[in-house]
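We use all heavy atoms of the structure for the numbers below, so side chains are in, but hydrogens, waters and symmetry mates are not.
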Amino acid sequence: MMGKFHKAIEVFFSTKAVRASECKLETLDKIDTDGLIYFRDLLDKECFHSNFEKLEKLSSTTSWEGELDLKRFLINNDNIISAENSSRDFTNLSCPKRVFETLASPTKTIKNMLTVPSSPSSPVNGGSVKVVQMTPVTSAMTTAKWLRGVISSLPEKPSSKLEKFLSSCDTDLTSDVTKRVSIILEAIFPTKPSGHWGGSMGLNCTNAFDIPWAEARKMEASKLYYRVLEAICRAESLNTNVNNLTPLLSNERFHRCLIACSAELVLATHKTVIMMFPAVLESTGLTAFDLSKIIENFVRHEESLPRELKRHLNSLEEQLLESMAWEKGSSLYNSLVVARPSLASEINRLGLLAESMPSLDDIVARQNFHAEDLPATPSKKRAADSDENGDSRSPKRLCIEPRSTLVDQISQTPPAKQSYTLKAKWRPLQSTFASPTVSNLVGGNEKCAEVGVHIFFSKILKLAAIRIRNLCERLRHVEQTEHVYNIFKQILDQQTTLFFNRHIDQLILCSLYGVAKVSQLTLTFKEIVNNYKREQQCIPEVFRSVFVVNTNHNGGLGSRHVDIIVFYNEVFVPAVKPFLVALIPSGGAHPDNKKNPNSQIPGSPKSPPFSNLPDMSPKKVSSSHNVYISPLRQTKKDALLSPSSRSFYACIGESTHAYQSPSEDLAAINNCLN
């Protein structure tokens, strides 16, 4: 292709291609010319205008159609002019000079490569949108450009608008916020020797080269934190019609989650492999359930966030929802004992409650800071100013509840409403982060724990719905999607203990097999697992190592890990059998009765719960041929389409005939469609 391109330039621009190494020009002094071709006078100022007109004529012809599409390489940049406006503005000497410098400068060329290419038929000109496929390199460039261009230019201190919100609280919280940022980010990006801890928390900066890097990352994370905090304050103030946001802005857990999320994005942008997630949780004293509360709000209030970083946060949220929030020591269990009192005995029996969140003083002590290096922490001031009776509802009190306090306070808590849907109404953010036992400001007798659990369960149902649909499609049993989802939903609602210390995919696999058994489908667990292995989120531990509690010979509790089939037989079936039996109609016919495959199962909802999910099911498009089409998933698009391609192809899984070329396959498919 390069040979054709060089020949075309020689013919069209009447210039001869020579080896760059043979040219002694000042413009080539700092360029490695080995293997490069040089065209004399092609971009010289005197010839630039006439050559540009020739290029425009060349791009409008069809002589190279199928070989060279010059319009693919055009960049939508104000510095690149067309022949029409170049003739009009050519009297302005700065215009061709600016264009010449842009095209001739390697630095500016690389900078222009970071912009998203668009053809002349862009939406601005009334054309259609073209999707640009991102590579790991362009993705890293995009996120780095966002961090340098958008975040680095922000002020180092809270803006005047943010300071106004902080000063409008019951007490001015500006100094508390800035001190907290300094302490938490120092725990994540340490710039001082860490003493006996040896840098186990955060990065280990052991030399002078690492310290400036850590200082720069701390600055970027703090600027991003202040920016998002201001946006959240504006939104909360608008929704509540008040400027005094003391319950939210005095909440220690909220601020730490926001700082941790900001630091994680900085680490992800710089591809910091020495501190992979969830290391940021360990450094800040947070749990997975804590961080899951802020991710959606973070994305919603930071509109400039690149798509790649949104995907990163989405990936983290899936990890939190699917397993991390269900691990022992998660603060989810501290909320469940309040929101679902019936679960308290099992949670305490298994010892699942989270420890108290470490105070800022504890974090300072862990990092072995010198007392004179840091001012008094907000927790010290708060302890000195707290009420004598220690009212748990005081906004000045840390929202940290010891285990015993939580268990004691649930005895008089009324049963919670056990209904979770895919949609949730707007709730003040302060209710999400408040102490579990505090009453919700807008929910009457509803506790804040119920708000957090409700939102968390709704997200799990949405994630499970997508995964159930994908797996049923792989197994070609789409008709069972709704039944599997209903079983999963009932387990989450009525047998929540099955989720403790487990992965939600383990419950999805068991629910699918259980539905297949009562529906008398010829579907084995091996088939289900083999198809699950093809799912993007699959990890072998899901079906090889399932947590099971057992009682030892001394009467004490023990635990072991078994495979998915043993878990299904010993634990899942005894707990879920009533839900599975309810799928069988009283007449004895099975839900997949061939005489009426579309019959409604008694007791199942009439409206499908997947109406707000993208329909990826194959659809038959020919009455006489077995031809089906389905939308290409975004993950498949990214994997199959090359970065240089701007077209969408119909991706065929298997060849129509053995040893047949792709072009013949496509021809056969076209014949069927025609």
Side-chain angles (χ1 to χ4, degrees), residues 155 157-184 222 225-260 284-286 290 293-294 297 301 356-364 374-402 405 409 426-449 451-452:
K157 301 291 184 180
S159 66
S160 57
K161 293 182 180 178
L162 179 56
E163 285 185 343
K164 184 177 180 181
F165 281 114
L166 296 173
S167 60
S168 298
C169 297
D170 294 345
T171 58
D172 192 344
L173 299 177
T174 306
S175 61
D176 285 2
V177 167
T178 55
K179 291 169 187 174
R180 182 186 296 106
V181 170
S182 176
I183 293 171
I184 298 297
S222 64
Y225 161 73
Y226 289 138
R227 176 185 174 95
V228 179
L229 178 60
E230 180 184 335
I232 290 177
C233 288
R234 287 200 306 267
E236 290 293 305
S237 177
L238 186 65
N239 288 322
T240 58
N241 294 320
V242 294
N243 288 327
N244 188 341
L245 303 176
T246 300
L248 177 65
L249 294 180
S250 62
N251 190 297
E252 181 72 19
R253 201 177 297 270
F254 163 71
H255 286 287
R256 290 198 196 183
C257 288
L258 205 55
I259 296 170
T284 55
L286 297 170
D290 295 329
K293 299 177 182 180
I294 199 64
N297 288 281
H301 293 100
S356 299
M357 184 174 67
S359 66
L360 291 176
D361 298 329
D362 294 335
I363 294 179
V364 170
L374 287 171
T377 61
S379 58
K380 283 184 179 179
K381 292 177 61 181
R382 194 171 290 112
D385 297 336
S386 60
D387 299 333
E388 293 181 0
N389 58 5
D391 184 8
S392 63
R393 302 189 184 187
S394 172
K396 297 179 181 179
R397 187 179 185 273
L398 277 174
C399 63
I400 303 172
E401 295 287 348
T405 306
Q409 289 180 343
W426 175 87
R427 300 174 187 271
L429 198 55
Q430 65 192 51
S431 300
T432 306
F433 284 95
S435 174
T437 55
V438 174
S439 296
N440 183 18
L441 296 178
V442 295
N445 294 328
E446 187 182 38
K447 300 291 185 181
C448 288
V451 177

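- For the atom pair NZ (Lys164) and OG1 (Thr174), the distance works out to 13.5 Å, reported to the nearest 0.5 Å.
- Looking at heavy atoms from C-beta onward, Ile294 lies out of side-chain contact with Arg253 at the 4.5 angstrom threshold.
- Salt-bridge formation is detected for the pair Arg180/Glu252: a Lys NZ or Arg NE/NH1/NH2 atom is positioned less than 4.0 Å from an Asp or Glu carboxylate oxygen.
- Taking the side chain as every heavy atom from C-beta outward, Tyr225 and Val177 approach each other to under 4.5 Å.
- Side-chain atoms of His301 never come within 3.5 Å of backbone atoms of Leu229 as a donor-acceptor pair (strictly under, hydrogens ignored).
- The side chain to side chain donor-acceptor pair (under 3.5 Å) test applied to Asn244 returns Asp170, Thr246, not counting sequence neighbours.
- Between atom OG of residue Ser250 and atom CZ of residue Phe433 there is a gap of 13.0 Å, rounded to the nearest 0.5 Å.
- Of all heavy-atom pairs spanning Cys233 and Leu245, the tightest one is O-CD1, 3.6 Å.
- Of the listed residues (Asp176, Leu248, Leu249), just one forms a side-chain contact (heavy atoms from CB on, under 4.5 Å) with Cys169, and that residue is Leu249.
- For the atom pair CG (Leu166) and CD (Glu230), the distance works out to 10.0 Å, reported to the nearest 0.5 Å.
- Closest approach of Leu162 and Pro158 over heavy atoms only: CD2-CB, 3.7 Å.
- Residue Asp362 holds its CG atom at 10.5 Å from CE of Met357, rounded to the nearest 0.5 Å.
- Considering CG of Asp290 and CZ of Arg256, their distance stands at 10.0 Å, rounded to 0.5 Å.
- With Ser237 contributing its side chain and Arg234 its backbone, the two residues share no donor-acceptor pair below 3.5 Å.
- Tested against Ile184, the residues Ile259, Leu258, Leu286 include a single side-chain contact (heavy atoms from CB on, under 4.5 Å) partner, Ile259.
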